[in-house]
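Nothing here was measured: the structure is a model prediction, and the numbers come from that model. Side chains are part of it too, since the values below use all heavy atoms of this structure and drop only hydrogens, waters and symmetry mates.
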Amino acid sequence: SSVLVCLFSGPSGIAIQPLSHPPLILNNTTDCSNIDQVLQSLTQSITSLINESVSTNLSCLLNLGSRAQCAADSCHAIAQALPNNPSGYYWILNSTNSAVNVYCDLVRYLNGSRGWMRVAYVNMSDSNQTCPSAWTLYTPPTGVRLCGRPRGPGCFSVNYTTFGVPYSKVCGWVKGYNYNTNDAFNRWNCSSLVTTCVYTAIDQPYLDGVSITRNSPLRQHVWSYVDGGNCPCATNSVFGYTIPSFVGSDWYCQGQGGGNTSNYYNYPL
């Protein structure tokens, strides 16, 4: 079917602005003597617009995330649409619908799916990398380059941005090395043999190991990698320590040497 448009009166004409084309003006007129010419011009402009739109959409489908104009909803969407694409930097949309350039891991299956946005990455086997400013670089005789907290108790955090991208899962892995005496959830900062000494706040040094938390300033616990000589670390008949309630069951414990004062640089956890 077709639609015939003929303007007989009015203070102004109608302007149609196709993408990348000059406007087509249908002027006010008292008759339709030139309607064939107008319709032909209109058809050509609309056809050109449709072709351009189809071409752009097809290009974005084949190159999803390759540029800001083709930003994907997520790294997972890229992995689903283009399963043979390599990992690398892609454009995705954040919660304000703005395109941001992030690293997408499209290859590895983590937690049963592919297409994860990388938020934090510290690979000290690369000699060009340095430790985050809150951590200290350790270089033991074995040649392994390590990042750790400064000597002494306390929590030394590093913040990583999610670029405003919404997410529903957090996944990652940590390689650690036992240093000195690590005591899992034990409270060595407390007075010896005080069974009621329990760290209940997330900002306190509640473990020996690595914790991942989210949100700021009201942090929420995600997962903890706990280092201790006596796993499973849940209870201890002498010191009577318990797992903080905000940690729940979201932790994994591993250790070397039964808590001895030793450095196990040859045995990564």
Check: Is there a donor-acceptor pair closer than 3.5 Å between any side-chain N or O of Asn63 and the backbone N or O of Ser66?
Finding: no
Subject >> Donor on one side chain, acceptor on other, Tyr160 and Arg118, under 3.5 Å >> reply: no
Is there a side-chain contact between Arg67 and Cys60, using heavy atoms and a 4.5 Å cut-off? yes
Separation between CD (Gln220) and CZ (Phe246), nearest 0.5 Å, reads 12.5 Å
Between the main-chain N or O of Val107 and the side-chain N or O of Asp105, is there a donor-acceptor pair closer than 3.5 Å? yes
Do Phe163 and Trp116 belong to the same hydrophobic cluster, where Ile, Leu, Val, Met, Phe, Trp and Tyr are linked whenever their side-chain heavy atoms lie under 4.5 Å apart, directly or via other members?
no
Please tell me if the side chains of Asp208 and Val226 come closer than 4.5 Å, counting only heavy atoms from C-beta onward.
-> no
request  = Check whether any side-chain heavy atom of Ile92 lies under 4.5 Å from a side-chain heavy atom of Val165, and answer yes or no.
outcome  = yes
**OP:** Indicate yes or no for a side-chain donor-acceptor contact from Arg114 to the backbone of Pro83 under 3.5 Å, with no hydrogens or angles considered.
**Re:** yes
Less than 3.5 Å apart, any donor N or O on the side chain of Tyr225 or Ser211 sitting next to an acceptor on the other?
no
When rounded to the nearest 0.5 Å, the distance separating CG of Leu82 from CG of Leu106 is 8.5 Å
Self-check item: Side chain proximity check, Val210 to Ser224, heavy atoms < 4.5 angstrom
Solution: no
Query - Common cluster, Val102/Val119, ILVMFWY with side-chain heavy-atom separation under 4.5 Å - result: yes
Please check: side-chain N/O of Tyr206 versus main-chain N/O of Val247, any donor-acceptor pairing under 3.5 Å? no
Pair Asn123, Tyr121: side-chain N/O donor-acceptor within cut-off below 3.5 Å: yes
- Message: Using the ring centroid of each side chain, check whether Tyr90 and Tyr103 are separated by less than 6.0 Å.
- Response: no
Tightest non-hydrogen contact, residues Ala134 and Pro150, listed as O-CD, 4.0 Å
For Gly164 and Asn94 the tightest heavy-atom approach is O-CB, 3.3 Å
Is any side-chain heavy atom of Cys131 closer than 4.5 Å to a side-chain heavy atom of Met124?
yes
Review point. Any side-chain heavy atom of Cys104 sitting closer than 4.5 Å to one from Ser87?
Key: no
Answer yes or no: does atom OH of Tyr167 have more than 12 heavy-atom neighbours from other residues, nucleotides or ligands under 6.0 Å?
yes
To the nearest 0.5 Å, atom CD1 of Ile78 lies from atom CG of Asn85 at 7.5 Å
task: Using atom types as modelled and distance alone, determine if a side-chain donor or acceptor of Gln129 lies under 3.5 Å from a backbone N or O of Asp126.
output: no
| query | Counting N and O atoms only, with roles assigned by atom type, does the side chain of Thr213 sit under 3.5 Å from a partner on the main chain of Arg219, one being a donor and the other an acceptor? | reply | no
Looking only at heavy atoms, the pair that brings Thr162 and Met117 closest together is O-CE, 3.6 Å
**Prompt:** Do the side chains of Leu207 and Trp251 join up, straight or via other hydrophobic residues, at under 4.5 Å, putting them in one cluster?
**Reply:** yes
Keeping Trp135 on the side-chain end and Phe156 on the backbone end, is there a donor-acceptor pair under 3.5 Å? yes
Value for OG (Ser98) from CH2 (Trp91), rounded to nearest 0.5 Å, stands at 10.5 Å
CD of Gln80 to CG of Leu64, rounded to nearest 0.5 Å, is 11.5 Å
Exercise. Where the side chain of His221 meets the backbone of Ile202, is there a donor-acceptor pair that is under 3.5 Å apart?
Worked result: no
(message) Could you check whether any side-chain N or O of Ser95 sits under 3.5 Å from a backbone N or O of Pro166, counting only pairs where one atom can act as donor and the other as acceptor?
(response) no
